[in-house]
Amino acid sequence: MQKYIFKRIVQSVVTIFLIVVIVFFLVRLTGDPLAMIVPPDAEEADVQILKKKFGLDQPILLQLLVFLKSAARGDFGESFKWQEPALELVLSRFPATLELAVSAMLIATIFGLSIGIVSALKQDSVYDRVGKTFSLLGQATPSFWLGVMLMLFFGVKLDWLPVSGRGSLLHLILPATTISLISLASIARLTRSSMIDALKSEYVVMARIKGVPQHVVVLIHALKNASIPILTLMSMQFSYLIAGTVVVETIFSWPGTGRLAIQALLARDFPVVQAFVLFASFIYTAVNLIVDVLYALIDPRIRYQ
Amino acid sequence: MSIVALYFFTVIFGPLITPHDPFKTNLNKALLPPFWQSEVSTDHLLGTDSMGRDILSRLIYGARTSMIVSLLALCICAPMGVLFGLISGYFGGKVDTIIMRFTDLWMSMPAIITAILMVSLLGPSKQTVIIVVGITGWIHYARIIRGEVLSYKEREFVQLARVTGCSNTRIIFSHIFPNVVNSLIILVTLDFGRVIIITATLSFLGLGIQPPSAAWGLMLAEGRQYITYAWWMSAFPGIAILFAVLGMNMTGDWLRDVLDPKQKLR
Amino acid sequence: MQNLDDLIAVRNLKKHYLLTKGFVFSKIAGYVKAVDDISFSISSGRTLGLVGESGCGKSTTARLLLGLESPTSGKVYFEGKNISTRKGPELIKFRKNIQAVFQDPFRSLNPRKKIRQIIAEPLWVHKTLPKKKISTRVCALLETVGLSASHADLYPHEFSGGQRQRIAIARALALNPKAIILDEPVSALDVSIQAQILNLLIDLQNQFHLAYLIISHDLAVIEHVSDHIGVMYLGKLVEMAPRDKIYSNPLHPYTRALLDSVPVADPTMIKDVGLEDEVPSPLNPPTGCRFHPRCGFRDNECSRVAPELVDVGAEHYVACHLS
Amino acid sequence: MNTDNQKLLELRGLRTYFFTRQGVVKAVDDVSFTVEKGEVIGLVGESGCGKSITSLSILRMVPEPAGKIVGGKILFKNENLLEKSEEEMRQIRGNRISMILQDPMVALNQLLKIGYQLSEPLKYHGKAMGQIREKCIELLKKVRVSSPETRISEYPFQFSGGMCQRVVIGMGVSCEPDLLIADEPTTALDVTIQAQILRLLKRVKAEFNASIIIITHDLALAAQICTRVLVMYAGKIIEKAPVKVFYENSAHPYSNGLIRSVPVVGRRVERLYSIEGQPPSLLNPTAGCRFAPRCQKAKRICNLQYPPEVILGDGHKVACWLYAEE
């Protein structure tokens, strides 16, 4: 088990390193970053000074080395727009995003699993049909539209919930619901289908033959096996979640990293974009690592490989 | 199904059925509500936007935009994914390892992040959206097709083809590919929905199609500012997206039931 | 056995799979000796049966003969010519001569092709017939295996298991091969269908003077169709003899145990003997004679020295220190 | 013979149908037989003849909603199982009647420890409270799994197929059931392992004194362990006979053909007898004898009317027009 985790950690580190390199080259290709901050009529000498300041006068490989070195220290340079260290900027906004993402994930998982399990147990019932329709609609609803509509309905028309900013738990409800919907729908659908498969399988038949009570059959025998594909889906959903935060933070003016990224991007503030991309990849890789460890916990075949 | 038929119909005959010129601005007629709320005129069925443009006409044109962008994006990602999937699955070994490691790496960058990077690289435009969606989507195809190929590669009929002396190309295209075509059709249909949403999302964030084009995501973004007094500006484009995606997903599910190769084998 | 002029002669054939460990710097963790130094020959019109339990290497042997895998070492002669080193067009040309029928008739036929296309494919690939004649040939083949020409335009899923196996046999016959490798040809079929297919195979052998290598775990099936029988255990041939010798006078303890294990459809012959324990892992198999840990007659030598397959007279070969 | 005391299980006119889009599949169609205490019944037939559905019906485990028991009675110790509630059935399953499935590798849950799976019947039938671990180790010893103390905390994938089947048999007998149903218990296994499992079943039978129903397509296996053989063809039982009578003197042309079409080790014949044609579909079967289209001795009536059951001797019954008055 330790060996397995160690192996996965090393793999993750390699992945992150490769991403750093790719991001570095991509960003360098975006065009001259100075064009954004230097007024068009600036003196050539001033441009040179700025170039030196940001290290842009060096050969590209050397720039990469310097970049890697500073990236290792967590230094991604200073934001052009906000004049603050880029990583600190991203990190300072991170708790808000985390709050949003975690609540969205919780909503999606809890509701998605329960809808899916009940649907699978009561196949073709009214409940199942409602659940199926709901997940079909949920998967087709663009989150930004849902956000805007929820805002209109609960915020503007009914005036029940605050529509922008961060603060109380009430502020969280709309954005978190918006983000979670797609994941919730997909989790519900997959849970339904993999539970149906699991319930049909030989080992469930065997458990029933043994006289194991229904709730134990469902929750231990079937759900444990069904959870493997669901876990895979959830790790993939995390990518939607990140996309979701970017969009939803923009709509609900949530002061998180996603909104920061869009602002930075539109302002060509590339140290911030870079820091954000790397940070997001880092988080994403970390989540995948956790998911893989969970796999190993659920599935002994991975543990004993 | 009928949603999809309607969708394709509007795409093809769009210009013929639009009641108004979707790009003609008329500030006198700005922000007219849909006909059932309107006392002034029922000329604009779904109302007008802040520039006085007819929303229905813009939606119909938007369908064309989203269709063209989605199709072109699919034309990039599907063949690319299929090709890599076939190669990776059939030949295995080092080629497979390299391609799969690469997809792993690609997957560890969430699609939106890649999109943000690409947009910053190419600048926001229709072409960018196509490229971004195209090259972020192929991984999915490659992985699924590879899995299918792997399962067919060890099938006895493929082994027998090798015993007979068929060339690799013949085996891949005459034996394996026809068997994965169904999965591919289902995959493309389901992916269509994803592509529509991503395109709209990018446009909504201002990273995609730029004004004054008629695109659903863009219309929504424009409507957001007027949300408190012109709900129709944001509601209808969203509903259009919802139904387009829903239609595609349902078609995909239906195809899956109809074409499912597992049901035919045994 | 010494005769290389037989239709197929296999000499010292080995197939070892390498197992690696580690993900950055892989190191060799061991070998699986799937097929370890086996030799046999088959002459035209005769049948060699290979029998053994799962993991004994019988299917790997078939794959090696069919060129689906390349041997680690050893030679395969076909009509006196070494074919194990051939590649490319030469190999394709040779492949006309050895065809195969596999176990699972549901997976042996491409579900997306019509029967006509399936049977005609070998003819297309090898261009042995003018295109006009292919259709007649397909119909003739279908009739040979007991189906009718009207079946040609159906898809595989419209047939039952037994019929599909007939189609697979028709396909194998398309190129007029000299030998057919049959890997568990009846074990996926229903009892009443097995006899149909076995009879068909024997008829075809007489009609076309085919050589068969038949692989099965079912000793009764092997006995019914084979002229010679080889018994495999963990990658080794432990005994090989003409059919009647194997059954009337088994020399290797494993062969005896195998025969003892087979239930007989006769309630007056209740068997209550047989091996305990299981087949050891083919990864790092036992030293010396691979059967010694399960053998009731073993002595010290058995665990140290691997016995050679020796001739004990009248084409009977056995690899055991005790005989 | 006092039959009522001896009778453990009696099926009377059992019908289990599957309602599919193509029509009604009569998987089990009017099946009656009895199992007496201490008997080993062999339910023999080809795949798809309804033998597995018969056994699932006894446990009321027919896959719903497509499958349904539409008629008949299943009397277990003189109580009709079809009238029991689901909870009452659960109390019977694994406790009074247990079952062994064909492929032990898929019948065991790959994600749960052997010990846990083994303990479930004990736990849910209120046996061996507090000493479950000891009981499990004892069970593993009984089915001859070596070093049970360590193996109990291993997972199924660490076991070979034969060992898995031993565990499944252990689970089956853990509550000392009255009836053990074994559905193709050796089919997925190697020859030498098959013999081991067969020996184990015999030992288990002697030790627990359970009645056994063995469902198999393998006539040789049935010959080795059964006291009575029932032959099933296309949803119907066509012949019932004591084991010796069956193999020496089977009456139904199908049973007869089946016995002659199987090659037997050491008794090679020049040419195997073969039953021509294919087993029929169970979808909308004909009114006549279902074997008639393949039968060489078929008469006109065979295709028109289903034959009555004829008693040929002590415990030997056959459903065939060759032995009945028209």
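Per chain, numbering begins at 1; letters A, B, ... match sequence-line order. Small disclaimer: the values here were computed from a predicted structure and weren't measured.
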Using heavy atoms and a sub-4.5 Å threshold, report which of residues 193-206 of chain A line up against chain D, by residue number.
A:E202, A:Y203, A:V205, A:M206
Examine whether an atom of [X] lies under 4.5 Å from a heavy atom of chain A, and if so say whether it belongs to the side chain, the backbone or both; otherwise answer neither.
{"X": "D:L59", "result": "side chain"}
{"X": "D:M99", "result": "both"}
{"X": "D:Q158", "result": "side chain"}

Flag for A:H221-D:Q117: side-chain donor and acceptor within less than 3.5 Å
no
Answer yes or no: does atom [atom1] of [X] have more than 12 heavy-atom neighbours from other residues, nucleotides or ligands under 6.0 Å?
{"X": "D:F157", "atom1": "CZ", "value": "yes"}
{"X": "D:R151", "atom1": "CZ", "value": "yes"}
{"X": "D:K68", "atom1": "NZ", "value": "no"}
{"X": "D:Y116", "atom1": "OH", "value": "yes"}
{"X": "A:F282", "atom1": "CZ", "value": "no"}
{"X": "A:K122", "atom1": "NZ", "value": "no"}
{"X": "A:F17", "atom1": "CZ", "value": "no"}

Check: D:H125 side chain, A:K210 main-chain N or O, donor-acceptor pair, under 3.5 Å
yes
Determine the option with the most heavy-atom pairs under 4.5 angstrom with chain A, choosing from D:R90, D:E87, D:K113.
D:R90
Answer key: most heavy-atom pairs under 4.5 Å with chain A among D:A107, D:S98, D:P121 is D:A107
Tell me which of these, A:N225, A:D299, A:I298, has more heavy-atom pairs under 4.5 Å with chain D than the rest.
A:N225
What I'd like to find out is whether the side chain of D:N109 reaches to under 4.5 Å of the side chain of A:I220, using heavy atoms alone.
no
Would you name the heavy atoms of D:Y124 and A:G211 that are closest together and state the gap between them?
CB-O, 3.8 Å
Heavy-atom closest pair, residues A:P300 and D:Y155:
CG-CD2, 3.2 Å
If you round to the nearest 0.5 Å, how far is CZ of D:R93 from CD1 of A:I209?
8.5 Å
